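What follows is a single structure, written as structure tokens, with notes after it.
Please read all numbers here as calculations on a predicted model, not as lab measurements.
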Amino acid sequence: MVAGLYSLAIWWISTAVIIYFNFQPVVRLAFFLTSLTLAIISAFMTVKYRDDESIMGTYITFTGALFVWGFVEVSFYTGYIVGPPVRPLFTIGPSWEAFHKAVHRSIYHEMLIMTLGLTALWLFRKAKNKFGLYTFFILWFAHQSCKLNVFFGVSNTGSEFIPDTVSDMAQFMTVTSMNWLFPFSISLNTIVAYKFIRHVKDLAKPAWQRIGYILVGMMALLALVEHWLLVLPLNESLWDVVVPYIH
């Protein structure tokens, strides 16, 4: 129970903080550098505890991976690690041209994630505590899946959370009720969440592993909720409390 609440709280608070500071141009560079510093420290701690078979080690690797991913998000939305500018689109809706330009516009961002992912796979290939690795890849999957669904079309694109640094990304978002990819994304996300959550009740596993599965499983469940919020007929988001302070 405590692990689930911790996972929920740190995910919501960290996301709210990122959204808020992305809209504060005066401290944007300081926020980026602070996030980078935290990511470096977190990566070091996550690697240091990758063989730690304790409850504390589980929390550290999970939290460390979350902070590393937080830097990935910050580096993109502050506009420091994105991609070269592209010419504006003159068409509406998803197309090969739009997809190519969207990838080009975010290529450095994608290269950063790929580099971090491959490095994590190598560092954790023989690790006993892989919950940091699981956390990073669940966040990566959710991130890519949401981006693709927003590209192909959803009801709630979340364009109100895009700061001026990457405001041109809005041209790659499509507003429609649903798209062909969404059912596959939801199905795969549900399977991933189930794969982790099912281990929680396995009393044969040590406590540190069961807590790890709770932490990571909650991330998968939250990713599932985020996907559903893309298409549900709602006028609210999980971070509406932040909106008055960013516009």
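Under the 4.5 Å side-chain heavy-atom criterion for ILVMFWY residues, a single connected hydrophobic cluster contains both Phe136 and Leu38. Both Leu123 and Leu66 sit in one connected hydrophobic cluster of ILVMFWY residues. Membership requires side-chain heavy atoms under 4.5 Å apart, directly or through other members. Criterion: ILVMFWY side-chain heavy atoms under 4.5 Å apart, direct or through other members. Under it, Val175 and Met169 are not part of a common hydrophobic cluster. Taken together through direct or relayed side-chain contacts under 4.5 Å among Ile, Leu, Val, Met, Phe, Trp and Tyr, Trp208 and Met218 form part of one hydrophobic cluster. Taken together through direct or relayed side-chain contacts under 4.5 Å among Ile, Leu, Val, Met, Phe, Trp and Tyr, Val27 and Ile13 form part of one hydrophobic cluster.
A distance of 11.0 Å separates CG of Leu33 from CZ of Phe31, quoted to the nearest 0.5 Å. To the nearest 0.5 Å, atom CG of residue Leu222 and atom CG of residue Leu8 are 5.5 Å apart. Here the straight-line distance linking atom OG1 of Thr78 with atom CD of Glu73 works out to 11.0 Å at 0.5 Å rounding. In this structure, OG1 on Thr34 lies 9.0 Å from CG on Leu29, to the nearest 0.5 angstrom. Between atom CG of residue Asn179 and atom CG of residue Leu148 there is a gap of 9.0 Å, rounded to the nearest 0.5 Å. Of the inter-residue distances, the one linking Leu133 atom CG with Ile138 atom CD1 reads 10.0 Å to the nearest 0.5 angstrom.
For the pair Met219 and Phe62, the minimum side-chain heavy-atom distance is below 4.5 Å. Counting heavy atoms from C-beta on, the side chains of Asp168 and Pro88 never come closer than 4.5 Å.
Every residue two or more places apart in sequence or in another chain was checked for a side-chain contact (heavy atoms from CB on, under 4.5 Å) with His100, and none qualifies. The side-chain contact (heavy atoms from CB on, under 4.5 Å) check on Trp180 picks up Phe152, Phe184, with sequence neighbours excluded. Evaluation of the side-chain contact (heavy atoms from CB on, under 4.5 Å) rule for Leu89 yields Thr91, Glu97, Ala98, Lys101, Gln171, Phe172 as partners, not counting sequence neighbours. The ring-ring contact (aromatic ring centres under 6.0 Å, His included) test applied to Phe99 returns Phe151, not counting sequence neighbours. For Phe196, the ring-ring contact (aromatic ring centres under 6.0 Å, His included) partners are Tyr134, not counting sequence neighbours. Residues satisfying the side chain to side chain donor-acceptor pair (under 3.5 Å) test with Lys147, not counting sequence neighbours, are Glu110. Under the rule for a side-chain contact (heavy atoms from CB on, under 4.5 Å), the partners of Ile40 that lie at least two apart in sequence or sit in another chain are Leu36. The ring-ring contact (aromatic ring centres under 6.0 Å, His included) test applied to Phe76 returns His109, not counting sequence neighbours.
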Requested in this report: Go through the steps for Leu215 and Thr135 under the test side-chain contact (heavy atoms from CB on, under 4.5 Å), then give the verdict.
Outcome: CA-CA 8 Å; Leu215 293 169; Thr135 302; over 6 Å; no
Requested in this report: Show your working on side-chain contact (heavy atoms from CB on, under 4.5 Å) between Ile214 and Ser7 and close with a plain yes or no.
Outcome: CA-CA 8 Å; Ile214 292 174; Ser7 184; over 6 Å; no
**Report entry** Verdict with supporting geometry, Lys201 and Tyr213, side-chain contact (heavy atoms from CB on, under 4.5 Å)
**Finding:** CA-CA 10 Å; Lys201 294 184 178 181; Tyr213 285 118; over 6 Å; no
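Counting non-hydrogen atoms of neighbouring residues, nucleotides and ligands closer than 6.0 angstrom, the CG atom of Leu118 exceeds 12 such neighbours. The environment of Tyr59 atom OH is dense: over 12 non-hydrogen atoms of other residues, nucleotides or ligands sit within 6.0 angstrom.
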Check: residues 188-195 side-chain donor-acceptor pairs under 3.5 Å, at least two apart:
{"unit_1": "Asn189", "atom_1": "ND2", "unit_2": "His227", "atom_2": "ND1", "d": "3.4"}
{"unit_1": "Thr190", "atom_1": "OG1", "unit_2": "Ile186", "atom_2": "O", "d": "2.7"}

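Taking the six-membered ring where the residue is Trp, Phe32 and Tyr80 present tilted rings, their angle falling between 30° and 60°.
Counting all heavy atoms, side chain and backbone alike, Pro94 lies closest to Thr174 at CD-OG1, 3.5 Å. Counting all heavy atoms, side chain and backbone alike, Ile113 lies closest to Val72 at CG1-CG1, 3.6 Å. Between Phe161 and Pro163, the shortest heavy-atom distance links the atoms O-CD, 3.4 Å. Considering every non-hydrogen atom in both Ala39 and Val68, the closest pair reads O-CG2, 3.6 Å. Scanning all heavy atoms of the two residues, the minimum distance from Val82 to Ser75 falls at CG2-O, 4.4 Å. Across Ser159 and Met173, no two heavy atoms sit closer than the pair CB-SD, 4.0 Å.
When atom types are taken as modelled, the side chain of Ser106 and the backbone of Ala102 share a donor-acceptor pair closer than 3.5 angstrom. Side-chain atoms of Ser14 come within 3.5 Å of backbone atoms of Ile10 as a donor-acceptor pair (strictly under, hydrogens ignored). With Asn156 contributing its side chain and Leu232 its backbone, the two residues share a donor-acceptor pair below 3.5 Å.
If you look at Trp69 and Phe137, their ring centroids are not closer than 6.0 Å.
For residues 15-43, the pairs satisfying salt bridge (Lys or Arg N to Asp or Glu O under 4.0 Å) are Arg28-Asp164, with sequence neighbours left out. For residues 35-54, the set of pairs meeting the side-chain hydrogen bond (donor to acceptor under 3.5 Å, both in side chains) definition, not counting sequence neighbours, comprises Asp52-Ser54. Sequence neighbours left out, not one pair with a member in residues 174-192 passes salt bridge (Lys or Arg N to Asp or Glu O under 4.0 Å).
Using modelled atom types and a 3.5 Å distance limit, the side chains of Thr63 and Tyr6 yield a donor-acceptor pair.
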